[in-house]
Structure formats: C-alpha cells, structure tokens
Amino acid sequence: MWKKTSAVVLSSVLLAGVLASSSDAAVATKNVQVKYNNVKVTYNGQLVPTDIEPFLINGTTYIPLRMMAGVFNKNVAWDGKTYTVSVTDKEDPRIASLQAEIAQKDARIAELEKKLQDAEDELASADDDDVDDRIDELEDNLNDDYGDYEDLEWSIYLSGDEDDIDVEIEVDLDEYQDEYDDLTTSDIEDLVENICSDIWDEFEDADIDGVIIDISDDDYELHDFFGDADSGDIELDGEEI
C-alpha cells in the first residue's frame, strides 16, 4: 500500500505539465492513478536495469528517461530553475578514433595524389621536350633533303606537336624567280607529297597544315596544302593530289 501511495505522489510531481494540453499551458498539479505490472525493458534482448520501476497510466507505459538515455548513449541534464530536461549526444570515443584515422588516411591520399600529379606533369614535360626535339630533328632532315629541290633554295620550318604539324616553306623569288617559273604543278605536288610523307614517317597521327611563301614579297602565299593523317589524303590549294 505504501508503494502505491508513494508512486501516486511521486508521479504527480514528475508528470506535472507533461499531461497538460500544450507546451504553453500553465503549470499544474494533478493526481493520477499509477499501475505497476512488473514492466520490464529489454534492449537487443538484454534486460535494462533501472532503480525506478516503469509504470502505466491510462494504458500508457512510462519509463525513466535517464535509463533510456543510457541505453541510447545520450546525456541527460535537469535544470531545476527552468524545469528543463536536456538530452544531448554522447561522444563515442570509437567514432572519434575512426574520424582521426580517416583524417590521416585522407591526408595520405592527398599526399599520394599530389605525388602522382607531379610525376604526371614531369612525364608530360619530358614528353613535350622529346616531341620538340623530334620536330627539330625532322626539320633539319627536311632541309637537308629538300633545301635545294629543283635547284631552288628552300627553307622549311616546322612547329606544333605529335597531333598537328604546321609547315612553312620559304623561297626568295627575288633570287629564284626564273627557276620557280620553270617548276610545273607536278613539281610542287611532288615536293609537298614528299614532305608530308616524311612527316608521317615520324608522326603518323599528325594532321599537316602548310604554306609555301615568297619571303621577298612580304611573305606572299604562293600555295597552301593540307595532309589528313587518318585518310592519308593531301590537298594542294584545295585540290586533292
């Protein structure tokens, strides 16, 4: 009998305001009938111990908040001045440890990614230097092979990369006008074809854009040509040869 009476008084204090119709309702004290029925609480099949036995009021089961906060790893604080219960998350040391481990791994990954990027940049730079050297060597060879083509003095300059090669062929018609006039269209075609063929021997995937200019007349364009690496077709002045 004492247990039940004590529970009624205790519950009246604990539930004051809980049974009010809204959070803005005035604080009040109500007597309630508490029923004990040996209520037990389990979590994942394990009995949860508590110093305060759960009870029922009008078919609703009430259990201690602090007990359940412990089950779910929460902090519970009571402010007696404002009559406020505060529930906050507990910091799980395992999570903090995992977060620190993840941060270390992220830092290591970032370091490795930077090293990889530096290596790729260095390799790309080395490749660029290698391509430049190959273009310079090819330019020298073309000038050796075609610098005196058909008794004219030609200067051949290359620029670009392994995918696109620009060709500029220079001739001074102040000095070689007669010899140039003696050239046939077939002679010009042969020169262009030979140069494109030699370029593709070294850079098989390179498209070729080229011009033949008269350096004595403000770089007047005498001919233009284009070589398609995919098809192997060569055009001179817009006509396929």
Between [X] and [Y] (side chain of the first, backbone of the second, donor and acceptor by atom type, cut-off under 3.5 Å), is there such a pair?
X      : Y      : value
Asp214 : Ser216 : yes
Thr184 : Asp187 : yes
Asn143 : Ile156 : yes

Other members of the hydrophobic cluster containing [X], with the 4.5 Å side-chain heavy-atom rule, please.
X      : result
Tyr43  : Val41, Val48, Ile63, Met67, Met68, Val71, Phe72
Ile213 : Val211, Ile215
Leu65  : Val76, Trp78, Tyr83, Val85, Val87

Pairing residues for [X] by the salt bridge (charged side-chain N to carboxylate O under 4.0 Å, His left out) criterion, not counting sequence neighbours:
X      : result
Asp174 : none
Lys105 : none
Lys40  : none

Distance in Å, [X] [atom1] paired with [Y] [atom2], rounded so as to fall on 0.5 Å steps:
X      : Y      : atom1 : atom2 : answer
Leu191 : Leu183 : CG    : CG    : 8.5 Å
Asp132 : Ser159 : CG    : OG    : 10.5 Å
Asp148 : Trp154 : CG    : CH2   : 11.0 Å
Leu152 : Leu173 : CG    : CG    : 8.0 Å
Asp237 : Glu221 : CG    : CD    : 8.0 Å
Leu47  : Thr42  : CG    : OG1   : 7.5 Å

Set of side-chain hydrogen bond (donor to acceptor under 3.5 Å, both in side chains) partners for Asp205, sequence neighbours left out: none

Residues that Lys115 engages under side-chain hydrogen bond (donor to acceptor under 3.5 Å, both in side chains), provided they are two or more places apart: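 With sequence neighbours excluded, Lys115 shows a side-chain hydrogen bond (donor to acceptor under 3.5 Å, both in side chains) to no residue whatsoever.
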
[X] and [Y]: which non-hydrogen atoms are nearest, and at how many Å?
X      : Y      : result
Glu53  : Val39  : OE2-N, 4.2 Å
Phe203 : Ile165 : CD1-CD1, 4.3 Å
Pro64  : Ile52  : CG-O, 3.5 Å

Salt-bridge contact Arg108-Glu111 (side-chain N to carboxylate O under 4.0 Å): yes

Could you check whether atom [atom1] of [X] has more than 12 heavy atoms from other residues, nucleotides or ligands sitting under 6.0 Å from it?
X      : atom1 : answer
Glu239 : CD    : no
Asn73  : CG    : yes
Lys35  : NZ    : no
Glu204 : CD    : no
Gln177 : CD    : yes
Asp79  : CG    : yes

Results of side-chain contact (heavy atoms from CB on, under 4.5 Å) for Glu175 - residues two or more places apart only: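 Once residues adjacent in sequence are excluded, the partners of Glu175 under the side-chain contact (heavy atoms from CB on, under 4.5 Å) criterion are Asp172.
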
Pairwise side-chain hydrogen bond (donor to acceptor under 3.5 Å, both in side chains) hits with a residue in residues 189-199, at least two apart: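 Every pair satisfying side-chain hydrogen bond (donor to acceptor under 3.5 Å, both in side chains) with a residue in residues 189-199: Tyr146-Asp198.
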
Qualifying side-chain hydrogen bond (donor to acceptor under 3.5 Å, both in side chains) pairs, either residue in residues 93-102, two or more places apart: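 Residue pairs with at least one partner in residues 93-102: Asp92-Arg94.
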
Side chain to side chain contact (heavy atoms under 4.5 Å, CB included), paired with Val167, selected from Phe225, Tyr157, Phe226: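 The side chain to side chain contact (heavy atoms under 4.5 Å, CB included) with Val167 is passed solely by Phe225 among Phe225, Tyr157, Phe226.
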
Beyond-backbone contact of Ile208 with Trp200, side-chain heavy atoms, under 4.5 angstrom: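 Counting from C-beta outward, Ile208 and Trp200 do come under 4.5 Å.
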
Close side-chain approach of Val171 to Leu222, heavy-atom, < 4.5 Å: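 Yes; the side chains approach each other to less than 4.5 Å.
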
In a table with atom names and distances, give each donor-acceptor pair under 3.5 Å that connects a side chain of residues 228-236 to protein atoms at least two apart or in another chain.
from: Asp228; atom 1: OD1; to: Asp230; atom 2: N; distance (Å): 2.9
from: Asp228; atom 1: OD1; to: Ser231; atom 2: N; distance (Å): 3.3
from: Ser231; atom 1: OG; to: Asp233; atom 2: N; distance (Å): 3.2
from: Ser231; atom 1: OG; to: Asp233; atom 2: OD2; distance (Å): 3.2

Intermediate values then yes/no, side-chain hydrogen bond (donor to acceptor under 3.5 Å, both in side chains), Glu137 and Asn141: CA-CA 6 Å; Glu137 183 177 357; Asn141 292 336; 4.6 Å; no

